[in-house]
Amino acid sequence: MSKTMAAVVAVGTILAACAGADDDSGVEQTSDESETADVDAGRTGDGAEGGDAEGEFSRPATTAAPNVAPPEAAEETEAMEEAEDAASADDSEFDADFEPGEDRSAPVDVEGDGLFDESPDDAEDRFDDNRFQDYGYREFIATTDDPLSTFALDVDTGSYSIARRYLDERSLPPIESVRPEEYVNAFDYDYDAPRDGLDISVDGGPSPFDDDNVLVRVGVQGEVVEDEDRGPAALTFVIDTSGSMDRDDRLGLVKESLGVLVDELNDDDTVAIVTYSDDSGVVLEPTPVRDSDRILDAIDELGPGGSTNLESGLREGYGLAREAFDSEGINRVVLASDGVANSGVTDPDDLAAMIREDADEGIDLVTVGFGMGNFNDVTMEQLADNGDGFYAYVDTIDEAERLFEDELTSTLLTVAKDAKIQVEFDEQFVESYRLIGFENRGVRDSDFRDDTVDAGELGAGHQVTAMYELDLVDDVSLDDRAELGIVALRWEDPASGEVTEIDEDVDLRDIEPQWFDTADDFQLATVVATLAEKLRDNPYADDVDIDALAEEVDRLADVLDDDDVDELADLTRQAADLSS
């Protein structure tokens with residue numbers, strides 16, 4: 001068995017997810033004529049047909065890649081497994097580690113140091129009343145039925161940080177909390193940065209899910225802007241100070257995180273602070289950062305108490321942001337909260353609708369989640385999507401430093417608005433495809449060039465990576481000179497309003513037949529996507545051996561010598577231990 005499987009999984013997933021025409025719920029349809037979509041439609045079905053692509057995974061004898069067959073009828077699956085066993089006695093398939101309906105929310109007593117070294121009773125409280133939404137998973141789509149896959153770009157990373165929080169507390173993350181694209185986009189990849197706007201890169205390799213399939217990685221890179229070259233920022237912090245925030249990992253960490261942000265801002269940036277509990281109030285009018293002592297004192301004096309009127313906080317925060325609006329600069333509302341709303345308007349859709357007009361006027365929203373236990377991931381993600389910003393989850397001060405110090409300009413400065421991707425596959429070469437993740441970011445195929453349709457936003461230096469799994473037509477060889485399809489990328493310049501569209505071919509020559517010939521960062525994207533597919537119990541990953549995956553991530557960590565990948569290796573091993 002070769003570890004190549006892990007790498008191929010990531011690419012195939014991205015391409016498959018993009019396929020089809022999507023409705024506003026993010027689940028793709030098989031035609032543009034579908035006006036509505038059932039969220040569960042992307043979860044059901046008999047699975048993908050097997051492909052016959054040449055160039056199966058192979059690696060040096062010291063490493064192996066697991067093979068994952070797509071879910072099919074029980075009799076066919078059993079027959080395929082018996083045939084594979086007979087054909088390759090030394091190939092071990094990925095084991096199905098999670099039973100359907102299994103309760104994974106309670107911490108497991110596993111030896112080893114966790115980030116939060118608490119008693120089991122204390123840790124168990126963290127897993128009560130957390131709210132996530134299960135968007136399902138994308139099925140393979142026959143290219144003859146629908147060759148187009150369209151979705152909005154998304155740079156959220158909250159799902160991965162939440163998984164880290166669960167695993168650090170020795171528990172598997174809830175299946176519904178896992179959004180694979182957010183796992184993949186939590187890591188940096190070696191894409192060339194354009195001089196302005198966005199650029200596309202495409203590569204591929206074998207699939208970890210099925211030896212006959214390939215993964216294709218579509219990478220989008222935003223232009224890099226140095227911090228000293230950005231305009232002045234007018235930031236309005238909207239901070240949840242309700243009773244539910246009365247914990248060190250909530251309001252205490254919020255105060256530390258905002259302190260990090262203020263320390264990194266320029267003297268001519270301004271900061272305003274609104275808090276909310278039973279009601280809302282202005283704690284600090286817009287104040288230049290040159291008066292940072294006043295800002296930090298206001299943050300330090302924040303204290304918890306009362307119920308949670310998120311509606312009131314957003315209304316007051318956006319009102320203050322409108323007053324401080326700088327037409328030549330950056331205008332951001334930063335919401336720091338556990339996402340809970342129990343007074344005033346509480347429905348996530350209604351809350352999101354409140355801020356849509358302000359987003360259209362240029363006041364973008366960053367939502368930053370804190371805490372676990374009575375945490376509402378759904379509200380935080382939907383607000384960010386509708387507020388033309390992004391959603392991050394801060395579980396440690398290290399994560400706060402990454403967000404507000406290392407990636408400050410990406411956090412603040414938007415370089416592309418309403419960014420959308422459309423991939424068109426050629427039925428002569430691609431039998432079927434599935435995009436891995438992006439289930440709630442789908443865009444109708446017919447809306448790709450409708451610039452009134454809201455899509456995704458990218459900050460300076462931001463990357464988006466999408467993985468597609470492809471089932472190629474019989475007798476197609478990776479040595480052929482042919483184009484599998486075309487990736488088109490469309491976005492609006494936030495300053496000029498000019499709309500740009502570029503495209504890039506998906507060439508057979510972009511796909512390496514052997515795992516060990518693929519780029520190291522392609523392998524990283526693949527193993528991350530594979531881990532996410534495994535953690536969300538996607539049937540396409542049923543045969544993935546999570547112990548073999550952990551070994552492959554360990555190898556990559558040695559090769560890449562990167563702290564984030566070292567951490568990924570630790571988390572993957574923790575997931576493997578918890579799954580056994």
Side-chain angles (χ1 to χ4, degrees), residues 131 133 156 158 233-245 250-251 254-255 257-258 261 270-287 298-299 302-326 330-371 374-394 403-404 411-412 414 417 454 457:
R131 286 174 286 287
Q133 184 163 336
D156 295 351
L235 307 183
T236 303
F237 298 156
V238 177
I239 303 173
D240 183 354
T241 56
S242 63
S244 65
M245 295 290 289
R250 296 196 181 192
L251 189 56
V254 169
K255 293 161 72 170
S257 301
L258 297 183
L261 173 56
T270 63
V271 168
I273 300 176
V274 168
T275 61
Y276 66 93
S277 53
D278 297 311
D279 207 341
S280 61
V282 176
V283 172
L284 184 71
E285 295 286 344
T287 302
I299 293 171
L302 298 175
S307 61
T308 312
N309 194 329
L310 176 54
E311 174 201 4
S312 180
L314 288 173
R315 289 190 187 281
E316 185 122 39
Y318 272 92
L320 199 58
R322 286 191 291 270
E323 293 177 17
F325 187 85
D326 183 349
I330 299 165
N331 300 276
R332 288 271 187 179
V333 171
V334 180
L335 172 65
S337 173
D338 58 13
V340 173
N342 56 27
S343 63
V345 174
T346 60
D347 181 76
D349 291 331
D350 292 339
L351 289 168
M354 285 171 40
I355 65 175
R356 183 62 254 167
E357 185 175 343
D358 288 298
D360 291 337
E361 295 299 322
I363 301 176
D364 298 337
L365 176 68
V366 175
T367 62
V368 187
F370 292 85
N374 196 28
F375 176 78
N376 195 323
D377 171 83
V378 178
T379 296
M380 298 299 280
E381 189 199 17
Q382 289 189 14
L383 286 174
D385 288 347
N386 282 273
D388 283 356
F390 66 93
Y391 162 45
Y393 177 82
V394 169
L403 181 64
F404 293 135
T411 300
L412 297 181
T414 300
K417 293 179 67 70
D454 184 54
E457 282 65 40

Consider only side-chain N and O atoms of [X] and [Y], and report whether a donor and an acceptor are under 3.5 Å apart.
{"X": "Tyr393", "Y": "Asp377", "answer": "no"}
{"X": "Asn374", "Y": "Ser244", "answer": "no"}
{"X": "Thr414", "Y": "Arg332", "answer": "yes"}

Has the side chain of [X] got a donor or acceptor atom that lies under 3.5 Å from a matching backbone atom of [Y]?
{"X": "Thr270", "Y": "Pro286", "value": "no"}
{"X": "Ser337", "Y": "Asp240", "value": "no"}
{"X": "Asp278", "Y": "Ser307", "value": "yes"}
{"X": "Asn342", "Y": "Thr308", "value": "yes"}
{"X": "Asp156", "Y": "Tyr391", "value": "yes"}

What is the minimum heavy-atom distance between [X] and [Y], and which atoms define it?
{"X": "Ala324", "Y": "Ala234", "answer": "O-CB, 3.7 Å"}
{"X": "Val368", "Y": "Met380", "answer": "O-CE, 3.4 Å"}
{"X": "Met245", "Y": "Arg250", "answer": "O-CB, 3.4 Å"}
{"X": "Val238", "Y": "Gly317", "answer": "CG2-CA, 3.7 Å"}
{"X": "Ala359", "Y": "Asp364", "answer": "O-OD1, 4.2 Å"}
{"X": "Lys255", "Y": "Ile299", "answer": "CE-O, 3.2 Å"}

Spatial distance of atom [atom1] ([X]) from atom [atom2] ([Y]) [nearest 0.5 Å]:
{"X": "Leu314", "Y": "Thr236", "atom1": "CG", "atom2": "OG1", "result": "11.5 Å"}
{"X": "Asp349", "Y": "Asp347", "atom1": "CG", "atom2": "CG", "result": "5.0 Å"}
{"X": "Met354", "Y": "Tyr318", "atom1": "CE", "atom2": "OH", "result": "9.0 Å"}

From the list Ile363, Asp454, Leu365, Ile355, side chain to side chain contact (heavy atoms under 4.5 Å, CB included) partner of Asp388 resolves to Asp454
Test item: Glu311 and Thr346 side chains (from C-beta on) under 4.5 Å apart, heavy atoms: no
